[in-house]
2 protein chains.
Amino acid sequence: MKPSRTYKILVVDDHFVVRAGLRDILSHEPDFIVAGEAANGREAVAAHARLLPDVTLMDLRMPVCGGLEAIRLIRENSPAARILVLSSYEGDEDIHAALSAGAMGYILKHSSDDQITPAIRALLQGKRWIPLEVAGQLAARERGEILSEREREIVRLLVLGDANKQIGDTLGITELTVKSHMKNILAKLKVRDRTEAVTVALRRGIVHLPDE
Amino acid sequence: MKPSRTYKILVVDDHFVVRAGLRDILSHEPDFIVAGEAANGREAVAAHARLLPDVTLMDLRMPVCGGLEAIRLIRENSPAARILVLSSYEGDEDIHAALSAGAMGYILKHSSDDQITPAIRALLQGKRWIPLEVAGQLAARERGEILSEREREIVRLLVLGDANKQIGDTLGITELTVKSHMKNILAKLKVRDRTEAVTVALRRGIVHLPDE
DNA sequence: GGCCGAATCCCACTTACGAGGGAGCGGACG
DNA sequence: CGTCCGCTCCCTCGTAAGTGGGATTCGGCC
């Protein structure tokens, strides 16, 4: 039962153990071959251009260059690239950002192999693959209020612990304007104060913890 | 070259892909055998009691029952148990808590196989295994100020977005006392306000994001 | 015993935050 | 074209947050 053809897969994750696991899982499919690996977004872009894989398995949270940026760059060079995000997190903002950056599927890292290979096969057939739990997050996002770009920018400074005055100075607007935005942010996130806003924003993937 | 004896290893991680990776990595060592797997702390305690492995590879962040609690329970039943923590995070508090709970080693998930098997072999010989980067975090912790139990309790409520008054009600103390603690917390964490305190506490592993 | 540091608690004061409004201006979209 | 919505700015007001001090208790250590 020689397969009609083999499919090249690129594996991108900064954790060696995860790459080993994917290599092992994919090796059980006779028509899959792991054509290459990358440990960060920059390596991923280079590897994709070199290998032109049929599917790319991509983590989001990586050093040097994150998955989102890598997805954008890869699809600039190869608009037909099929990218499957494999993430630990399920914040609605992460999911939405990945899909709108051009990912065709999104699965969670605690998925077992009977979730991973079907997802890859779906992408090979040009289909999208969004599990129910992931789709649920997206639906919840649509129901709730969505932060504007400016509001996200303010939340980014908020997690640094900046006061309203400082945030205003950074963005070149008055403190009053910041407070006005902050009021909308608190309402949209349905929280009582800025501290809770930080935890909710982190949980939903709207912002991430600064590296240092 | 038949090995003199084989060593039983228990793998504990909630991510299927990680378990697969470890299974694959360990299978390359002829004297290692993955005797069992567990996807959370409760399963880990049961599996350890049943299998009595020579070494347990344990993730920290897991649902149902976290790794820390699992380490404590396992070492209550088997004080000689050798547990190697395999974590993605490197917050000094996580590291310190795991080691004082009884773990004998601590490695990071982006470690390659040439870091993982030596760590396991070290534990098999009754030695500890703390990589430089991990030891550095611990050293930094010792240099800095360490939060008291009461202060950690307050930080836990802080990340929920509770106001000082609420925190006081929860702990049965006055708001004034909470503010006094908060003052010390801000000083110890070297931050300006409670918002920054949340991000620093999360980054250092002093507290974790609430599940919901 | 006596000293010291750490943890806990209390008070007064200044500042920042968040609620409750309102208003003008721009682009997007039907 | 008008309407919505995001961005900007404005004012007031009550309250929470953060800063300065000081008091207490308790255990360790010389």
Side-chain angles (χ1 to χ4, degrees), chain A residues 92-93 96-97 100 141-202 204 206-207, chain B residues 92-93 96-97 100 141-202 204 206-207:
Chain A
D92 61 282
E93 188 75 21
H96 178 266
S100 63
R141 171 195 169 85
E142 302 307 333
R143 276 200 305 276
E145 310 252 28
I146 297 172
L147 296 192
S148 70
E149 186 51 47
R150 195 55 153 177
E151 287 163 347
R152 272 193 293 268
E153 211 166 1
I154 289 178
V155 174
R156 267 190 287 275
L157 296 170
L158 177 59
V159 300
L160 299 178
D162 285 8
N164 289 337
K165 176 80 173 65
Q166 270 176 296
I167 295 175
D169 289 348
T170 305
L171 298 181
I173 58 181
T174 68
E175 182 190 359
L176 291 166
T177 308
V178 176
K179 292 179 84 168
S180 180
H181 283 299
M182 195 68 70
K183 205 180 337 184
N184 294 329
I185 292 170
L186 298 181
K188 286 187 177 182
L189 296 183
K190 296 184 182 45
V191 295
R192 296 158 293 177
D193 52 36
R194 52 177 54 219
T195 309
E196 200 180 357
V198 168
T199 68
V200 170
L202 289 172
R204 290 187 45 185
I206 296 171
V207 288
Chain B
D92 62 283
E93 190 74 20
H96 178 265
S100 63
R141 171 195 169 82
E142 302 307 331
R143 275 199 305 276
E145 311 252 28
I146 298 173
L147 297 192
S148 70
E149 187 50 49
R150 193 59 154 176
E151 288 163 348
R152 270 193 295 266
E153 212 166 359
I154 288 177
V155 175
R156 267 190 288 275
L157 296 170
L158 177 59
V159 300
L160 299 178
D162 284 8
N164 289 337
K165 176 79 173 64
Q166 270 177 297
I167 295 175
D169 289 347
T170 303
L171 298 181
I173 57 182
T174 68
E175 181 192 357
L176 293 168
T177 309
V178 176
K179 293 177 84 167
S180 179
H181 285 299
M182 196 68 71
K183 197 185 342 183
N184 295 329
I185 291 170
L186 297 182
K188 287 187 177 182
L189 297 182
K190 296 183 179 48
V191 295
R192 296 159 293 175
D193 51 38
R194 52 178 52 220
T195 309
E196 199 179 358
V198 168
T199 69
V200 170
L202 288 172
R204 290 187 44 184
I206 296 171
V207 288

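Here is the naming used below: chain letters follow the sequence lines, and residue numbers restart at 1 for every chain.
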Presence of B:Arg194 side-chain N/O under 4.0 Å of D:dG18 phosphate oxygens OP1/OP2: yes
A:Thr174 side chain to A:Thr177 side chain, donor-acceptor N/O pair below 3.5 angstrom: yes
Interatomic distance, B:His181 NE2 vs C:dA6 C1' [rounded to whole Å]: 12 Å
Verdict with reasoning, A:Thr199 to A:Val191, per side chain to side chain contact (heavy atoms under 4.5 Å, CB included): CA-CA 10 Å; A:Thr199 68; A:Val191 295; over 6 Å; no
Which residue lies more 5' along DNA chain C, comparing B:Glu151 with B:Asp193 via nearest heavy atoms: B:Glu151
Euclidean distance, atom CE of residue B:Met182 to atom C1' of C:dC9 [Å, nearest integer]: 15 Å
Between D:dG21 (P) and B:Lys179 (NZ): distance, integer Å: 16 Å
Interatomic distance where CD belongs to B:Glu175 and P belongs to D:dG18 [whole Å]: 11 Å
Sugar-phosphate, base or nothing in reach of B:Ser148, heavy atoms under 4.0 Å: sugar-phosphate
Sugar-phosphate only, base, or nothing, as touched by B:Thr174 at under 4.0 Å among non-hydrogen atoms: sugar-phosphate
Length of the line joining B:Arg150:CZ and C:dA7:C1', which is rounded to integer Å: 10 Å
Residues A:Glu153, A:Arg156: salt bridge by 4.0 Å N-O rule: no
Of the listed nucleotides D:dA17, C:dT8, D:dC9, the one nearest the side chain of A:Thr177: D:dC9
Phosphate OP1/OP2 of D:dA17: any B:Asn164 side-chain N/O under 4.0 Å: yes
Whole-Å distance separating the CD atom of B:Gln166 from the C1' atom of D:dT15: 14 Å
Sugar-phosphate, base or nothing in reach of B:Asn184, heavy atoms under 4.0 Å: base
Short side-chain to backbone donor-acceptor contact, A:Asp193 and A:Glu196, under 3.5 Å: yes
Distance in angstrom units between B:Lys165 NZ and D:dG18 P, rounded: 17 Å
Between A:Ser148 and A:Glu151, a side-chain donor and acceptor under 3.5 Å: yes
Spacing of B:Leu158 atom CG relative to D:dA16 atom P, expressed in whole Å: 16 Å
Side-chain donor or acceptor of B:Lys188 paired with backbone N/O of B:Leu147 under 3.5 Å: no
Nucleotide nearest B:Ile173 (side chain, heavy atoms from C-beta), chosen from C:dC9, C:dA19, D:dC9: C:dC9
Stem list, DNA chain C (Watson-Crick or G-U pairing under 3.5 Å, at least 3 consecutive pairs): C:1-7 with D:24-30, C:9-25 with D:6-22, C:27-30 with D:1-4
Among C:dA19, C:dT8, D:dG20, the one nearest B:Lys183 by side-chain distance: D:dG20
Contacts of B:Glu175 that satisfy salt bridge (Lys or Arg N to Asp or Glu O under 4.0 Å) - sequence neighbours left out: none
